[in-house]
Amino acid sequence: MEEARAGARLVFANGAFCDADAVIGADGIHSVVQRQIGLTAHPASEGIVAYRGLVQSQKLSWSAELRGLNMWIGDGRSFICFPVSQGRLINIVAFVPSMRDMEETWSAPGDVRSLAAEYDGWDAPVRDLIAALDHTFRWGIYDRAPLPYWSRGHVTLLGDAAHPMVPHFGQGAGQAIEDGFALAVLLEGAKRDEIPARLKAYQDMRLERSSRVQAASRLAGRFYRSASDRGQAERLLAWMSAAEWIFPYDAEQAALAVLS
């Protein structure tokens with residue numbers, strides 16, 4: 001990527017290029033655009049691997065009663081499930097400790113038998129769901145410190161390229177959607193020479209919030225895997241209530257306020 005006379009120039013491996021008024025790097029945790037604006041993000045392992053999988057609901061006699069997000073938490077582990085595809089499937093995610101380096105991918109094959117061994121002795125629904133799996137995928141959970149900036153000239157970042165976060169609040173996609181709304185508002189009607197200032201305003205309004213959500217997501221994972229006891233459920237509810245600030249935020253209105 002190069003600075004163009006009045007924008008940014010994208011240069012591709014085959015020698016082709018194109019000039020743009022603005023470039024938005026929404027290219028994920030291994031962002032090329034991020035590196036092109038002088039940033040380097042170093043992954044830090046959470047010491048956790050997540051096993052993911054889908055179970056056909058018809059395999060479980062109690063599946064019709066399943067509603068919303070269900071969570072089991074214990075010492076060093078947590079397990080969640082929820083219905084998808086209008087109840088035809090149940091999505092599961094199981095978080096277990098691991099000292100091995102794992103790929104930052106959702107598609108590395110996992111071992112159902114190893115997963116079952118991790119949850120030996122847990123509640124029957126957990127064991128039933130694992131037993132009903134045909135296959136599973138494993139996903140190394142990594143975190144990154146907030147970036148010092150996102151924008152340079154006519155170039156900025158969005159989503160995981162700007163603020164990758166661990167999944168314990170389910171906010172990876174949510175924060176990317178907020179970015180998109182904010183960016184759309186700030187760029188609407190902007191003249192070419194106004195774009196760098198608008199992208200800087202976008203960065204400034206989003207960086208603090210997304211960094212705070214990153215930190216909350218990190219703490220959530222630690223809480224979910226803390227030792228279980230009689231007071232755990234009450235403490236979990238209180239802790240979740242304290243994080244309710246995440247959800248009512250209106251990115252569109254926040255961006256309009258920046259312009260006013």
Side-chain angles (χ1 to χ4, degrees), residues 26 29 44 46-48 50 52 65-84 86-87 90-96 106 123 125-126 139 141-147 150 157-186 201-260:
I29 57 175
E46 240 197 347
I48 294 295
R52 304 179 65 92
E65 302 171 8
L66 194 65
R67 298 288 186 277
L69 178 70
N70 298 262
M71 177 184 294
W72 290 260
I73 54 178
D75 190 5
R77 291 163 178 76
S78 60
F79 186 99
I80 63 174
C81 72
F82 49 90
V84 296
Q86 298 182 322
I90 301 171
N91 186 55
I92 73 164
V93 189
F95 299 94
V96 302
W106 290 25
D123 283 354
V126 173
W139 169 27
I141 307 297
Y142 289 82
D143 196 8
R144 288 167 172 78
L147 296 171
W150 299 356
L157 304 173
L158 182 150
D160 282 353
H163 46 67
M165 59 188 69
V166 291
H168 309 303
F169 261 134
Q171 280 298 300
Q175 290 305 299
I177 292 168
E178 289 185 8
D179 289 348
F181 269 95
L183 200 53
V185 170
L186 291 170
Y202 156 75
Q203 165 198 290
D204 292 345
M205 70 164 285
R206 292 295 303 150
L207 203 157
E208 181 180 359
R209 173 169 166 80
S210 63
S211 297
R212 189 181 176 198
V213 176
Q214 280 180 301
S217 299
R218 187 181 311 121
L219 289 173
R222 294 172 187 168
F223 188 91
Y224 298 157
R225 295 186 298 274
S226 62
S228 58
D229 56 43
R230 288 184 180 180
Q232 186 79 335
E234 291 78 7
R235 289 190 291 115
L236 176 61
L237 289 172
W239 191 83
M240 291 291 287
S241 295
E244 287 180 352
W245 57 268
I246 293 175
F247 307 107
Y249 179 81
D250 189 324
E252 184 175 8
Q253 291 301 314
L256 288 170
V258 170
L259 292 175
S260 62

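We're numbering straight along the sequence, starting at 1. Keep in mind that this is a model prediction, so the values were computed, not measured.
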Trainee: Do F95 and H168 have side chains that get closer than 4.5 Å, going by heavy atoms?
Mentor: yes
Trainee: Carefully, step by step, assess V96 and I48 under the rule side chain to side chain contact (heavy atoms under 4.5 Å, CB included).
Mentor: CA-CA 6 Å; V96 302; I48 294 295; over 6 Å; no
Trainee: Minimum heavy-atom separation for H163 to A176, with atom names?
Mentor: CE1-N, 4.1 Å
Trainee: Can you name the closest pair of heavy atoms from R218 and R144 and give their distance?
Mentor: NH2-O, 4.2 Å
Trainee: Once salt bridge (charged side-chain N to carboxylate O under 4.0 Å, His left out) is applied, what residue pairs with a partner in residues 162-180 remain, sequence neighbours excluded?
Mentor: E178-R206, E178-R209, D179-R206
Trainee: Are S210 and W150 packed together at the side-chain level, in the sense that at least one heavy-atom pair is separated by less than 4.5 angstrom?
Mentor: yes
Trainee: Enter the distance from D160:CG to Q175:CD here, rounded to the nearest 0.5 Å.
Mentor: 10.5 Å
Trainee: With rounding to the nearest 0.5 angstrom, report the CD1 to SG distance, I90 to C81.
Mentor: 6.0 Å
Trainee: Does a side-chain heavy-atom distance below 4.5 Å link I73 with M71?
Mentor: yes
Trainee: At what distance, to the nearest 0.5 angstrom, does CG of L183 lie from CG of L158?
Mentor: 6.5 Å
Trainee: Got N91 and R52 here, is their nearest side-chain heavy-atom distance under 4.5 Å?
Mentor: yes
Trainee: Between atom CH2 of W72 and atom CG of D123, what is the distance when rounded to the nearest 0.5 Å?
Mentor: 7.0 Å
Trainee: Quick one: does F247's side chain get under 4.5 Å of Q171's, heavy atoms only?
Mentor: yes
Trainee: Looking at every heavy atom in both A50 and V93, which two are closest together, and how far apart are they?
Mentor: CB-CG1, 4.1 Å
Trainee: Please table the atom pairs, donor to acceptor, closer than 3.5 Å between any side-chain atom in residues 250-260 and protein atoms at least two apart or in another chain.
Mentor:
| from | atom 1 | to | atom 2 | distance (Å) |
| --- | --- | --- | --- | --- |
| D250 | OD1 | E252 | N | 3.1 |
| D250 | OD1 | Q253 | N | 3.0 |
| S260 | OG | A257 | O | 2.7 |

Trainee: Counting C-beta onward and ignoring hydrogens, is there a side-chain heavy-atom pair between V213 and W245 closer than 4.5 Å?
Mentor: yes
Trainee: Looking only at heavy atoms, which two atoms of P83 and G68 are closest? And how far apart?
Mentor: CD-O, 3.4 Å
Trainee: Quick one: are L157 and L147 in side-chain contact, heavy atoms under 4.5 Å?
Mentor: yes
Trainee: Measuring only between side-chain heavy atoms, which start at C-beta, is M205 closer than 4.5 Å to L186?
Mentor: yes
